[in-house]
Amino acid sequence: MARHLITSALPYINGIKHLGNMVGSMLPADVYSRYLRQRGHDVLYICATDEHGTPAELAAKEQGLPVADFCAQAHDAQKAVYDGFALAFDYFGRSSSPQNVEITQHFARKLNENGFIEERAIRQVYSPADGRFLPDRYVEGTCPHCGYDKARGDQCENCTRVLDPTDLINPRSAISGSTDLEVRETKHLFLLQSKLQREVMEWVARHDGVWPHLASSIAHKWLTEGLHDRAITRDLDWGVPVPADTWPELAAEGKVFYVWFDAPIEYLGATKEWSDQDPANRDWKSWWYDVDTDVRYTQFMAKDNVPFHTVMFPATELGIREPWKKVDFVKAFNWLTYYGGKFSTSQKRGVFTDQALEILPADYWRYFLIANAPESDDSSFTWEHFTATVNKDLADTLGNFVNRVLSFSKKRFGEEVPAGAEPGEAEARLGEQIAELLAEYEQHMEALQFRKAAAALRALWSAGNSYLEEKAPWLEIKTDKDGAALTLRTAMNLIHLYAVVSEPFIPTTAAAMRRAFSLKDDTATWVSADEAKSLDAVPAGTPFTVPPVLFAKLTDEDLEAYKERFGGESE
């Protein structure tokens, strides 16, 4: 079986993420990782918190904490939410780790040796009161376009215009509030991406027709506009230090690498963190170094991260002139909107992942988000759509099927799977249908078409309901008890099949369905076509229990309560 390296975009450290962030990277990566593991592949799923940059320092300042303490606490808080969503990372690291410092500095040295880094003097805002140069976000003032008085030097949050610190009216330091600001000359390191343009274009072109259109189109747009040399250092207290053995003057000034440079390297850094926990049995370089034909690397991200992962980080990897693994497949997503408007972390608009888990268990959210993933275009979250999906697909189609089969069988045949008659024509047709639907589900999962995979999974669940309605064991038992027993035994085998193949989408519920049957050797990780046709994994005589209600139906009162708490109209 193949080796699969999977990464999802690193969630930024300053706060719990919203549902759009979840469905745009980590959740689909988890679904795909779980599926591949079930199919017998060797999988390594790596993620981490992205901890450097001015927003981290500003968030720490707002909370009155040292930035290192703030990031440690925020990392643990985010990890707790992801555990709540049952995200099965092999490792969830931190970009502030010593491993990332080591690898980032190595990359910078190699780029410098190969002539792709240059030291340049630029003019930057300086605050005498703070005794330091101020990065863009450390300068606040009034937006010259809309008059918003809390605009920052990189962008106005109110009107979204991109700004330069010198554009602001009445600029002030975000640290001290001082308005005594100057523009002084300072030196920074620049990555000469312009010299790597041709190589990046050729590399991207090799993936035309392989990557989804969204990822390819964004990459080509950036390349058409031309790669520009970009500063890779900043004047911050928190970040990967510029190595003194290569740039002693800049190191003495306390320069650190810009977050966009070190964050993608943390994929390697987090893998080394994972490896260093058990070095006798884990080799991080076996996943990353000189492995082009051995490892298939898939990245998951929302469209705003695509340029960094398809153009800018590949430029870094190409410039190093070492055989580090580059991404094979980029699964990019559009936006999940909230009633047609943007989710907003800063404005607290929409549903955030910790709030979601307060309301309902993770599987409700996992299924809805993947079934409505913004793949080909943006998709909108509304409470009406969420409620309808939960009630129809989860509560009625799957949950009700499980409950009525097991409850009716227990009532009429006791707490063991009944034997009954031999399978007949209806069971043969059902087996063929299940095998076909399972093949369709597998095809969509292999192609990373999540909405289509969810539709195929839903069709599998619906097939069981159609079979039950056709056979009607509640009527059949009046005239043919053995026939009714056969129907229920077949339906119980469907429940077990659903437990196995639904695990990537709804892992907690799948486990509960599987535990309903006391099978001695239930080691199945997947279901073959022949097994789907025969539907005999749970033999007669197997003890079973009726699990609690798998999915509660949501009421009109629930819907109104959710809308009252979170809002139900675009703003």
Side-chain angles (χ1 to χ4, degrees), residues 10 12-13 50-58 60 67-68 71 94-127 130-139 152-155 164-166 173-175 181-196 227-266 268-269 307-308 311-320:
L10 308 185
Y12 198 68
I13 196 66
D50 179 5
E51 299 188 5
H52 294 138
T54 52
E57 288 196 358
L58 291 170
V67 65
C71 288
R94 301 181 59 188
S95 68
S96 59
S97 69
Q99 291 88 343
N100 194 42
V101 171
E102 174 189 341
I103 300 170
T104 297
Q105 291 181 339
H106 169 77
F107 275 27
R109 291 187 188 100
K110 297 302 294 185
L111 287 165
N112 187 58
E113 289 174 16
N114 296 330
F116 295 117
I117 287 183
E118 182 176 284
E119 189 175 317
R120 294 179 181 175
I122 64 171
R123 293 179 64 77
Q124 190 173 340
V125 175
Y126 183 85
S127 170
D130 299 305
R132 61 180 292 178
F133 285 96
L134 301 180
D136 297 348
R137 283 201 169 205
Y138 272 41
V139 185
R152 285 181 170 155
D154 58 345
Q155 188 176 27
D164 186 271
T166 56
S173 166
I175 302 172
L181 304 181
E182 304 172 1
V183 177
R184 294 185 183 181
E185 187 175 277
T186 185
K187 292 182 179 178
H188 281 286
L189 299 179
F190 279 71
L191 178 60
L192 306 183
Q193 293 185 135
S194 59
K195 294 175 67 173
L196 291 158
L227 286 186
H228 303 289
D229 302 338
R230 290 194 60 172
I232 60 170
T233 54
R234 282 289 187 270
D235 294 284
L236 293 171
D237 295 328
W238 178 246
V240 175
V242 169
D245 57 8
T246 309
W247 295 281
E249 181 182 343
L250 298 186
E253 295 174 1
K255 308 285 186 184
V256 301
F257 286 107
Y258 195 10
V259 62
W260 75 262
F261 181 73
D262 83 84
I265 298 172
E266 168 58 9
L268 288 74
F308 295 97
V311 175
M312 296 167 70
F313 185 51
T316 295
E317 289 187 291
L318 289 165
I320 292 165

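The shown structure was predicted, so the numbers you read here are calculated from the model rather than taken from an experiment. Both backbone and side-chain heavy atoms feed into the values below; hydrogens, waters and symmetry mates do not.
- None of D136, L58, V139 except one satisfies the side-chain contact (heavy atoms from CB on, under 4.5 Å) rule with R152; the exception is L58.
- Between A56 and C71 the shortest heavy-atom distance is CB-SG, 4.3 Å.
- Looking at residues two or more places apart in sequence or on another chain, you find a side-chain contact (heavy atoms from CB on, under 4.5 Å) between S194 and D229.
- D50 CG to D262 CG: the interatomic distance, rounded to the nearest 0.5 Å, is 7.0 Å.
- For F116, the ring pair (Phe, Tyr, Trp, His ring centres under 6.0 Å) test picks out no residue, with sequence neighbours left out.
- The two residues I117 and L191 have their closest heavy-atom pair at CG1-CD1, 4.4 Å.
- Scored by the ring pair (Phe, Tyr, Trp, His ring centres under 6.0 Å) test, Y126 finds F133 as partners (sequence neighbours excluded).
- Between V183 and R123, the shortest heavy-atom contact is O-NH2, 3.5 Å.
- Judged purely by atom type and a 3.5 angstrom limit, N100 uses its side chain to pair as donor or acceptor with the backbone of E266.
- Under the 3.5 Å distance criterion, the side-chain polar atoms of Q105 are matched with a main-chain donor or acceptor of P241.
- Applying the side chain to side chain donor-acceptor pair (under 3.5 Å) criterion to K187, with sequence neighbours excluded, gives no partner residue.
- The salt bridge (Lys or Arg N to Asp or Glu O under 4.0 Å) test applied to R230 returns no partner, not counting sequence neighbours.
- Annotation: ring pair (Phe, Tyr, Trp, His ring centres under 6.0 Å) contacts of F190 (sequence neighbours excluded): none.
- Between T186 and K255, some side-chain heavy-atom pair lies under the 4.5 Å cut-off.
- For S97, the side chain to side chain donor-acceptor pair (under 3.5 Å) test picks out E273, with sequence neighbours left out.
- T233 places a side-chain N or O within 3.5 Å of a backbone atom of L189 that can act as its donor or acceptor partner.
- Applying the side-chain contact (heavy atoms from CB on, under 4.5 Å) test to E317 and every residue at least two apart in sequence or in another chain returns F313, W324, K326.
- Once rounded to the nearest 0.5 Å, the distance linking CZ of F107 with CG of N112 reads 15.0 Å.
- Looking at residues two or more places apart in sequence or on another chain, you find a side-chain contact (heavy atoms from CB on, under 4.5 Å) between V256 and L236.
- Residues satisfying the side-chain contact (heavy atoms from CB on, under 4.5 Å) criterion with D130, sequence neighbours excluded, are S127, R132, L134, S173, I175, S176.
- For W238, the ring pair (Phe, Tyr, Trp, His ring centres under 6.0 Å) partners are H52, not counting sequence neighbours.
- Between A108 and F257, the shortest heavy-atom contact is CB-CZ, 3.4 Å.
- Contact check for R109 versus D245: side-chain heavy atoms found under the 4.5 Å cut-off.
- With N114 contributing its side chain and G319 its backbone, the two residues share a donor-acceptor pair below 3.5 Å.
- G269 approaches Q99 most closely through the heavy-atom pair O-CB, 3.6 Å.
- Residues forming a side chain to side chain donor-acceptor pair (under 3.5 Å) with E185 (at least two apart in sequence, or on another chain): none.
- Shortest non-hydrogen contact noted between K195 and G115 is NZ-O, 2.9 Å.
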